[in-house]
2 protein chains.
Amino acid sequence: MSMPLAVRQMNEARVLARLLNVGPMSRADLARELDVTRSTAGSIVASLIEAGKVEEFDPKAVPGLNPGENHPIRTGRPAIQLRLIPDHALFLGAYIGARELRLCVVDFTGTVRHSFVERLPKVYPSPEDIAQRLADMVTTFVSTLPMPATVRGINVAVPGIVDFGGDILRAPSMNWRRTSFREMLQQRLTGICVHRLVNDANAFAMAEIQRLDAERSQEAVFLLLEDGVGGCVQSGGQLLEGTNGLAGEIGHMPVGDGGHCSHTGIAGAFENYVSRPAVLAHFSNLGGIGTTLGDYLDRLDAGDPLAQTVLDVWANDLSRGLAILTVLLNPERIVIGGRVAQLAKRAELQIATCLQQRLMAETPPPALLVPEAGEAGPEIGAALMLHRAHFEDFGPLGEFQSLSIG
Amino acid sequence: MSMPLAVRQMNEARVLARLLNVGPMSRADLARELDVTRSTAGSIVASLIEAGKVEEFDPKAVPGLNPGENHPIRTGRPAIQLRLIPDHALFLGAYIGARELRLCVVDFTGTVRHSFVERLPKVYPSPEDIAQRLADMVTTFVSTLPMPATVRGINVAVPGIVDFGGDILRAPSMNWRRTSFREMLQQRLTGICVHRLVNDANAFAMAEIQRLDAERSQEAVFLLLEDGVGGCVQSGGQLLEGTNGLAGEIGHMPVGDGGHCSHTGIAGAFENYVSRPAVLAHFSNLGGIGTTLGDYLDRLDAGDPLAQTVLDVWANDLSRGLAILTVLLNPERIVIGGRVAQLAKRAELQIATCLQQRLMAETPPPALLVPEAGEAGPEIGAALMLHRAHFEDFGPLGEFQSLSIG
DNA sequence: GGTTTGTTTGGTCGGAAAACAAACATAGCC
DNA sequence: GGCTATGTTTGTTTTCCGACCAAACAAACC
């Protein structure tokens, strides 16, 4: 790519990122924020309007933007607001759950437009079966679109270990091993690029990053407490991937000698202490009644002392893992997600206290966040990763990635 | 900064990085590697020669470059080789050890030019004392230079916890707490910028990165096993710093309930199992004879079964920490440094086996490296961090850092 | 001659700077 | 109230510069 074109492409991407993360603004605003002249900003915006990515609009004509606000007696010529055209591009994200298949559609502005769920009948569906069902869901949705070409691709979140090539190395909840699922799905989807497979914890993390704040926190750790324990490390705004894309397997950390259950066969693994099966096994071993997490939570809220003991031990075990993450990565925040996070909500103070005891006085403890009701699903994160890939498609000059904003 | 100038500055930096990391080459080589035309490469090189950073030279005139090599019957006009001018800039790095003060000088090509060591008489010197001694060392050295202006600054490696502001939060080996050492030193040094204070493990990691290979490995973890256990995570080529610059305190990871000693007062901390005091305490508790690491190693090499037991336990404990790092970060390699790494050299196979047992079959184990004799010191790493900061002083266009290649 | 290197010349493109035109708000005056 | 002058901010136009590219050319070897 020739140099001047590269500069222009980068500046276009910077304008798009600004409109995405900050919201609608005028050419003059863009010029100020990007530190270019108004004429340059005008030129870039003209290109983007030409390409159908951006449009002018009148805030007063939009009922949603409560009028009266944003008008602190503005003098001078009124600005023309600019915004991304939502329908310019659509990004698909899917999640292969143990019992259901989820698909969502995110538009150019990063907002979720559609969601689809299909329950899976069989206990251990084959990869081919899943690929076919997912492909059918996608093609059914795409056929409803007036402009199918706006679909830019699909990312798939998988509850297991995925490598860079798109192979699933292991998905315990479905009993899969070494499956080249990406290729399998791509063969069943014509005209739609299967961009990449991602770990479900990474996808969850991306969705939470978007939900909590667009780009404020740069250093965070995300935990996904389910039947296994997944995780994801955000550093410098990026998600750590590791050499083979296998980073973040927090649940496999050997933190002790035993545990309450054995999920993956690794002795003393973190998830043997704090995952859903671990909580239930512990509760049951102590003589507790109930076989589901809901049962346990009911007992806990009813004041069952056994349940309380399980919670105390759980909080202590969790804090050990959090301490490891804290001293190693010094995150600004740790987000605890997944169904088991409901225990964390009931022991927040306890976890924080235990964590602090395991840290030196000089180590600032991270903020612990437990998402309330509006927890975002992995499929949204998967779609957002694709969305973000399109917007982040520029780096140091001359090192452009393969994707194009096109 | 205006745009065209920014592009030029970045290309100049790219040329410098090439000459630094790959070695001397011609304008045509640069044009090919950077994907610009020969005319552009020539223009950039002319600027750099003008600035006194680069020079032409004749390889045949240099005795060091064994002739006959690099001449596989080359046709066409012979190329003029270009290289960095070593004396263009000098970078200082210091290390505040428990018993000595170390200073080294690195030139523009990243090679160590001078080293100075001063033994410290007092057991717990005050920060002011150290600052004054270090300032004296630096000014003494600078006064020997014909061109003092080539000194671009100094980085100081500290065996303790350092935050971004240059404050030392805690340095157990010297019994320091909350000392604004950077300011203290800067006041005693006129004309030389005290760039930053760095953790000694991070500095060690930087030196090893340079020594092992300039930029091949992007994902690695470095351990420094001494009286405490420091560490450093390299991801995407960068060293992880964390929110407050406190990342990498691997020794403080709570990996168990006890340990053989208590270095920092954190129960079950990793360094209570694998640091030098831990090894000696364990050996002594079992009835072993000897009070220094050298004594222990002598017993071990003599076939003392007690010493062997200590080694076995040590390797097992170490592998647990390595497993945590591996599943969390998926590094390509783990470098085990420090004096205690001599144990690792004697148990390499054992460590690798224990580590593999703690990982899932799908997780590729990292390569374990134990530096041989030529272990680089933290002061070299500190200087190299400053050196690298000058060369990495460009990123996405329009987001330039404060440093200039000047 | 063939080949590779390094330089020169003309051209293109993106952005900066400054002037200009447009679209308001306000103030003042009738 | 109606009208005009003024000030302010926005968006566009014009002119210019600097960086790179493409192609031709000169130089230095085999």
Side-chain angles (χ1 to χ4, degrees), chain A residues 1-15 24-51 54-60 67 70-82 394 396-400, chain B residues 1-15 24-51 54-60 67 70-82 394 396-400:
Chain A
M1 157 151 11
S2 72
M3 185 283 300
L5 294 180
V7 174
R8 166 51 67 107
Q9 176 170 344
M10 196 185 64
N11 275 334
E12 288 187 5
R14 290 211 296 159
V15 167
M25 59 180 70
S26 68
R27 293 169 174 83
D29 292 331
L30 288 168
R32 275 187 293 268
E33 298 208 15
L34 302 186
D35 200 30
V36 296
T37 58
R38 288 202 306 277
S39 57
T40 302
S43 161
I44 294 167
V45 167
S47 303
L48 293 174
I49 291 178
E50 176 85 14
V54 167
E55 65 184 356
E56 300 180 344
F57 78 109
D58 186 357
K60 289 189 292 294
N70 267 339
H71 285 279
I73 316 166
R74 301 260 300 154
T75 174
R77 172 174 170 174
I80 305 172
Q81 295 299 105
L82 300 163
F394 63 98
L397 215 61
E399 291 179 29
F400 287 85
Chain B
M1 161 155 5
S2 73
M3 184 282 301
L5 295 180
V7 173
R8 164 54 65 106
Q9 176 170 343
M10 198 185 63
N11 275 334
E12 288 187 6
R14 290 210 296 159
V15 166
M25 59 180 70
S26 69
R27 292 169 174 82
D29 292 331
L30 287 168
R32 276 187 293 268
E33 299 208 14
L34 301 187
D35 199 30
V36 296
T37 58
R38 289 202 306 277
S39 57
T40 302
S43 161
I44 294 168
V45 167
S47 304
L48 293 174
I49 290 178
E50 175 85 14
V54 167
E55 65 183 357
E56 301 180 344
F57 77 109
D58 186 357
K60 289 190 292 295
N70 267 340
H71 285 279
I73 317 166
R74 302 259 302 151
T75 173
R77 171 176 169 175
I80 305 171
Q81 295 300 104
L82 300 163
F394 62 99
L397 215 61
E399 289 178 31
F400 287 85

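In what follows, chains are A, B, ... by sequence order, proteins preceding strands, each numbered from 1.
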Query raised in the report: What residues, two or more places apart in sequence or in another chain, satisfy side-chain hydrogen bond (donor to acceptor under 3.5 Å, both in side chains) together with A:R32?
Result: A:D29
Query - Rounded distance (Å) that lies between atom C1' of D:dC21 and atom CG of B:N11 - result: 13 Å
Within the sub-3.5 Å range, which N or O atoms of nucleotides 24-29 of chain D have a protein N or O partner, and how far apart are they?
{"residue": "D:dA27", "atom": "N3", "partner": "B:R77", "partner atom": "NH1", "Å": "3.4"}
{"residue": "D:dA28", "atom": "N3", "partner": "B:R77", "partner atom": "N", "Å": "3.4"}

Query raised in the report: Mapping B:A79 and A:S39 to their closest nucleotides on DNA chain C, which lands nearer the 5' end?
Result: B:A79
Query - Interatomic distance where CZ belongs to B:R32 and P belongs to C:dT4 [whole Å] - result: 9 Å
Requested in this report: Name the nucleic acid region contacted by B:S43, choosing base, sugar-phosphate or nothing; use a 4.0 angstrom heavy-atom cut-off, strictly under.
Outcome: nothing
Query raised in the report: What pair of heavy atoms forms the shortest contact from A:R38 to A:A28, and how long is it?
Result: CD-CB, 3.9 Å
Query raised in the report: Rounded to the nearest Å, what distance is computed from the CG atom of residue B:D29 to the P atom of nucleotide C:dT5?
Result: 7 Å
Query - Value in whole Å for how far the C1' atom of C:dG15 lies from CG of A:L34 - result: 13 Å
Query raised in the report: Can you name the closest pair of heavy atoms from B:Q81 and B:M25 and give their distance?
Result: NE2-CA, 3.5 Å
Report task. Report the distance from atom CD of B:E56 to atom P of C:dT5, rounded to the nearest whole Å. Result -> 15 Å
Query raised in the report: Has the side chain of B:T40 got a donor or acceptor that lies under 3.5 Å from a partner of the other kind on the base of D:dA19?
Result: no
